[in-house]
Amino acid sequence: MTETKEKDYKIGDLIDDACDTLDHDWKDIQKGDYDLDDSIHEIADQAVPIYYWDIAQYAAWNPILMQEIPDCGAEQEPYKQIQLNIYEAVCEGLYEHVAEKENEDETN
């Protein structure tokens with residue numbers, strides 16, 4: 001019988017996965033085949049969980065998601081506020097990753 005590893009619901013893992021996705025498309029973005037901002041927002045949107053169970057797990061593992069009021073979601077239901085906070089965190093992580101990649105490209 002194989003053991004199933006429980007999933008950790010950490011924002012950092014979502015950001016890492018999103019950065020991997022961005023890295024996969026990086027050459028096409030640099031060539032101008034994709035718009036950088038559009039790519040970041042699309043990747044972040046895809047990273048946001050849609051099922052209540054997953055949203056609740058991310059909130060339980062990352063209490064800050066329940067404490068912060070997202071920029072555009074003050075009047076939203078709590079689960080939507082959590083989703084917006086995840087989206088904003090992933091976007092921020094992606095923009096930081098882009099800045100690091102651009103610094104690497106300049107030094108090489």
Task: Pairwise distance CD1(Ile40) to NE2(His97) - rounded to 0.5 angstrom - done: 9.5 Å
- [ ] Kindly give the heavy-atom pair with the smallest separation between Ile15 and Gly93, and that separation in Å.
- [x] CG2-CA, 3.9 Å
Open item on the list: Applying side-chain hydrogen bond (donor to acceptor under 3.5 Å, both in side chains), can you list everything that pairs with Asp54, at least two apart in sequence or on another chain?
Closed with: Tyr9
- [ ] Give, for atom CD of Glu92 and atom CD of Glu96, the distance between the pair rounded to the nearest 0.5 Å.
- [x] 5.0 Å
TODO: Rounded to the nearest 0.5 Å, what's the gap from CG on Asp17 to CD1 on Ile43? Could you check?
DONE: 11.5 Å
Open item on the list: Can you see whether Tyr58 engages Asp13 through a side-chain donor-acceptor pair at a distance of less than 3.5 angstrom?
Closed with: no
In a table with atom names and distances, give each donor-acceptor pair under 3.5 Å that connects a side chain of residues 24-34 to protein atoms at least two apart or in another chain.
{"from": "Trp26", "atom 1": "NE1", "to": "Gln30", "atom 2": "OE1", "distance (Å)": "3.4"}
{"from": "Gln30", "atom 1": "NE2", "to": "Asp105", "atom 2": "OD2", "distance (Å)": "2.8"}

Open item on the list: Using only atom types and a distance under 3.5 Å, with no angle test, would you say the side chain of Asn62 pairs donor to acceptor with the backbone of Ile64?
Closed with: no
Open item on the list: Looking at every non-hydrogen atom in both residues, tell me the closest pair between Gln76 and Gln81 and how far apart they are.
Closed with: O-NE2, 3.4 Å
Open item on the list: Within this structure, what is the CG-CD distance for the pair Leu94 and Glu42, rounded to the nearest 0.5 Å?
Closed with: 11.5 Å
Open item on the list: Strictly below 4.0 Å, N to O, side chains only: are Lys80 and Glu77 in salt-bridge contact?
Closed with: yes
TODO: Taking the side chain as every heavy atom from C-beta outward, state whether His41 and Cys91 have any pair of such atoms under 4.5 Å apart.
DONE: yes
Task: Test applied, side chain to side chain contact (heavy atoms under 4.5 Å, CB included); reference residue, Ile55; option that passes from Ile82, Ile50, Leu65 - done: Ile82
Open item on the list: Is there a path of hydrophobic side-chain contacts, each under 4.5 Å between heavy atoms, that joins Trp53 and Leu14?
Closed with: yes
Task: Cluster link Val48 to Tyr52, ILVMFWY, side chain under 4.5 Å - done: yes
Open item on the list: Check whether Asn85 reaches the backbone of Glu68 with its side chain - one donor and one acceptor, N or O, closer than 3.5 Å.
Closed with: yes
